[in-house]
Novice: 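Pasting a structure below so you can have a look.
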Amino acid sequence: MSNSMKKLSSYLHSLSQTPHRLRKRMLATWTPDQEFNQVRHRSGADMKRKLNWYDLVALGVGGMLGVGVFVTTGSVSLHHSGPSVFISYIIAGISALLSSLCYTEFAVQVPVAGGAFSYLRLTFGEFFGYFAGANILMEYVFSNAAVARSFTEYLSIAFGENDPNVWRVEVHGLPKDYNMLDFPAVAVILILTLFLCHSTKESSVLNLIMTVFHVIFFGFIIIAGYCNGSAKNMVNPKGLAPFGVRGVLDGAAIVYFSYIGYDSASTMAEEVKDPFKSLPIGIVGSVLITTLLYCLMSLSLCMMVPYNKISEKASFSMAFLKIGWSWASNLVGAGASLGIVASLLVAMLGQARYLCVIGRARLVPSWLAKVHPSTGTPLNATIFLGICTASIALFTELDIIIELISIGTLLVFYMVANALIYRRYVITGHAPPSHTLLFLFLLSLSALCFSIAWKFKQQWWGLVLFGGFMIAITAFYHHVMLNTTIAQHSQQQQQHWSVPFMPWPPSISIFLNVFLITTLKTLSFQRFAIWACFITIFYVLYGVHNTYEAEEIEMGGVSVVGDEMNSSVHNLQTKVEIQVY
C-alpha cells in the first residue's frame, strides 16, 4: 500500500474517533508553566528578549493610531455619530481600557506570545482558545488588508491626486466592491513582511521612530483644525448628535475597530526584558494615549467641516482641501500614509506571533510555529500571513470587512473578560466553579436582554430591570467571593500586577462588549456565522485530531495529575498535562 493510501486510511480511522477525541480535547487545559516551557519549546529557538516598556507603548500607540482615525472617523461621522463621533471614541475607549486591564493581568501571569489564544486555552480549554485565536487572526488579516487599502488612498493625495481610486486598477469582469485592484497596498504589505522576517528589535525601532513623527504630525492636525475650524460646525446643521444616542452607540461599535492594536503589545510578552513591569505600562498606557488623541483628532475634523460634508474616504486630507489648505492636504496624505505603515507594521508583528503559538498547540500545521534560530522571528507564520493579507487587500473594499472585524474583536474581548473572572476566583482562588459559571451566565444573559431591549426600543422599565439586575448580581457575587477565606487567600497570593476592584472591571467589560455587538448590522452576524462555521469545521476535521495524536498518542497518553503521577511520566519533558473540566 502506498504512503498516500496509508495516510488516507489513517485519517479515515481518525474521523471515526471524532466524538471520543472531542471529549478528550475540547476542554483540555494547560498550566502557565507548561505553556511557558514545554509548549514554547516546540518552536525550536526562543524569541529574543530585546524590548523595553517604551517599545511596547510605541507598538501599542503606533498600531492603533493609523487604523482608527484615518480609516473609520470619516464614515462614522457621516453616517452614524455626526459631530459627536468623539463621544463614540470615548465609549469605545472605555471598553477597550477595561479589556486591556484583563489582557494585562493575563499577560503578566502568562508572558507568552499567544495573547487571547493562550489565555483562553489555559482557562476554558483548547476549543475556546482555538476559537478566539482564529477570530483574532481573522481580525488581524482583514484589518491589515483594509488599512493597506487606505494607505493607497492617502498616498495618492500626498502626490496631489484628488481621486482616492486613481492608483487602483478597475477590472470590469469582477463583482462590485471586489473589482478595484490595489497593487500599492499589496506592495507595502509584502515589503513589511520581508522587513519583519529580519528582526523584531529593528522593526520595533523603526516603529518607534515612525510613531514619534506620527504623534508630532497629529499635533499639527489638531492645532490646525482648532485654529481654522469653528465651534458652530459642532452643532450645525442638526445639532451635536444628529442621529441621536443610538447613532453615537452604533458609531462606538464601529470605531472599536480602531483599538485593535493594543493587544499586539500582549503578543510581544516573550520578547520583553521585564514583562512584569513593562506589560502593564505598555498595554494600558497605549490605550489611554490613543483614546486622548482619537478624541482630539475627531473634534478637529468636525470643527473644520460640517459633519454632512465630511468625505468618507481620506477624510482629513479632504477636510483641509475644503478649507483651502491644499498644501496641508498633501502633508496630511503623507503623514497618514506614514501612520498607516506604522500600524501595519505592529499588526503584522502581532498576527505572526498568534499563528506561531497556535502552531505550537498543533491546531494548525506545526511548521507555522517554527522560530528562525538566527533572527528569532516566526518566519513561516510571518510569510504565510503576509501573503494572505496581500491577497485580500488586492480585491476587497474597506466597507465589506470593517463590521466583520468589529464583531470578531468584541467577541474575543468578551471571552477574555469572562476568563479573567473564572481564572481569578476558580483556578487561582479554588472557589467552586458552579458559582462563578452561574454568575457569568446570568451577567451575560441580563446584558443581552438589556441590549436587545435598547436595540428594539422596548419599554424603559426593561432597561431599568435588566440594568439593575446586572449591578445587583455583580455586587452579590463580589460580596460572596470577598467573604470566603478561599478568595481572601487568592488575593493575598497576587504577587504581580492584577486588575483592581475585581470583579467590577471585567463585569463592565462583559456588558459593554455584549451591548456593542448587538448594535452591529444583521449582515455582520451572517458573515460572522459563516466564518464561525468554517473554523469549527476545520477544528473537527483537522485540529482536534492533530492535537489528540500529538498529546495523547505520541507522548504516551494523558498524564495523571496529583498523587497518581508516576515516575515514568516525570521523565517525559515534553508531556502536556491535561485537566478536563
Side-chain angles (χ1 to χ4, degrees), residues 64-93 147 150-151 153-164 213-243 247-248 250-252 254-255 257-258 289-340 343 398 402:
M64 286 182 277
L65 285 184
V67 175
V69 170
F70 299 123
V71 176
T72 58
T73 306
S75 63
V76 170
S77 300
L78 187 62
H79 299 299
H80 298 280
S81 303
S84 60
V85 63
F86 73 96
I87 301 176
S88 296
Y89 273 116
I90 291 173
I91 295 169
V147 170
S150 287
F151 167 81
E153 294 169 3
Y154 274 100
L155 190 63
S156 65
I157 289 172
F159 282 90
E161 302 286 352
N162 292 332
D163 180 7
F213 279 108
H214 199 195
V215 172
I216 295 171
F217 160 70
F218 266 42
F220 164 76
I221 293 180
I222 292 166
I223 294 169
Y226 285 113
C227 292
N228 293 278
S230 170
K232 292 180 180 179
N233 288 334
M234 294 296 297
V235 292
N236 289 329
K238 295 182 180 180
L240 182 64
F243 302 97
V248 174
D250 289 347
I254 296 172
V255 301
F257 166 76
S258 311
I289 293 170
T290 303
T291 302
L292 176 63
L293 289 172
Y294 278 165
C295 293
L296 293 175
M297 286 282 285
S298 56
L299 279 169
S300 173
L301 176 65
C302 293
M303 287 178 67
M304 280 194 288
V305 183
Y307 84 91
N308 59 340
K309 295 182 180 178
I310 291 174
S311 173
E312 194 165 355
K313 293 179 184 275
S315 51
F316 283 88
S317 291
M318 293 300 183
F320 278 105
L321 270 180
K322 288 175 181 177
I323 65 170
W325 284 27
S326 57
W327 64 271
S329 176
N330 297 343
L331 180 64
V332 169
S337 301
L338 181 68
I340 286 170
S343 69
L398 180 67
I402 283 184

Novice: Identify, with sequence neighbours excluded, every residue that meets side chain to side chain contact (heavy atoms under 4.5 Å, CB included) alongside S156.
Specialist: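 Result, side chain to side chain contact (heavy atoms under 4.5 Å, CB included) vs S156: E161, V166, W167.
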
Novice: Locate the shortest heavy-atom distance separating L78 from F243; write the atom from each residue and the value.
Specialist: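 Heavy-atom minimum between the residues: O-CZ, 3.5 Å.
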
Novice: Identify the heavy atoms of G225 and S300 that sit nearest to each other, and give their distance.
Specialist: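 Heavy-atom minimum between the residues: CA-OG, 3.1 Å.
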
Novice: Roughly how far, to the nearest 0.5 Å, is CZ of F218 from OG1 of T290?
Specialist: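 If I round to the nearest 0.5 Å, the distance is 8.5 Å.
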
Novice: Quick one: side chains of residues 301-309, donor-acceptor pairs under 3.5 Å with protein atoms, not counting sequence neighbours, listed by atom name and distance.
Specialist:
none

Novice: Give, for atom CG of N233 and atom CG of L299, the distance between the pair rounded to the nearest 0.5 Å.
Specialist: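 Nearest 0.5 Å value for the CG-CG distance: 12.0 Å.
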
Novice: Partners of F151 by ring-ring contact (aromatic ring centres under 6.0 Å, His included), sequence neighbours excluded?
Specialist: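 So F151 forms no ring-ring contact (aromatic ring centres under 6.0 Å, His included) with any residue.
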
Novice: Donor-acceptor check, side chain of S337 to backbone of L155, threshold 3.5 angstrom: yes or no?
Specialist: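 Yes: the side chain of S337 pairs with the backbone of L155.
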
Novice: Would you give the length of the straight line joining atom OG of S150 to atom CD1 of I340, rounded to the nearest 0.5 angstrom?
Specialist: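 Here the interatomic distance stands at 5.0 Å.
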
Novice: To the nearest 0.5 Å, what is the distance between CZ (F320) and CD1 (I221)?
Specialist: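 The distance works out to 5.5 Å.
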
Novice: Any side-chain heavy atom of P83 within less than 4.5 Å of one from P242?
Specialist: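 Heavy-atom side-chain distance check passes, below 4.5 Å.
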
Novice: Looking at OG of S311 and CG of L321, how far apart are the two atoms once the value is rounded to the nearest 0.5 Å?
Specialist: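 Between atom OG of S311 and atom CG of L321 there are 9.5 Å.
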
Novice: Once you round to the nearest 0.5 Å, how far does OH of Y294 lie from CD1 of I289?
Specialist: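 Separation between the atoms: 12.5 Å.
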
Novice: Using the test side chain to side chain donor-acceptor pair (under 3.5 Å), find all partners of S88 that sit at least two apart in sequence or belong to another chain.
Specialist: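 Counting only residues at least two positions away or on another chain, S88 forms a side chain to side chain donor-acceptor pair (under 3.5 Å) with S81.
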
Novice: For I90, what residues pass the side chain to side chain contact (heavy atoms under 4.5 Å, CB included) criterion, not counting sequence neighbours?
Specialist: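 Side chain to side chain contact (heavy atoms under 4.5 Å, CB included) check on I90 returns F86, I94, C295.
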
Novice: Which residues satisfy the side chain to side chain contact (heavy atoms under 4.5 Å, CB included) test with I222, sequence neighbours excluded?
Specialist: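 Testing I222 for side chain to side chain contact (heavy atoms under 4.5 Å, CB included), a comparison that skips the adjacent residues, returns Y226, L293, L296, M297.
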
Novice: Not counting sequence neighbours, which residues clear ring-ring contact (aromatic ring centres under 6.0 Å, His included) with F213? List them please.
Specialist: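 Scan of F213 (ring-ring contact (aromatic ring centres under 6.0 Å, His included), adjacent residues dropped) gives none.
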
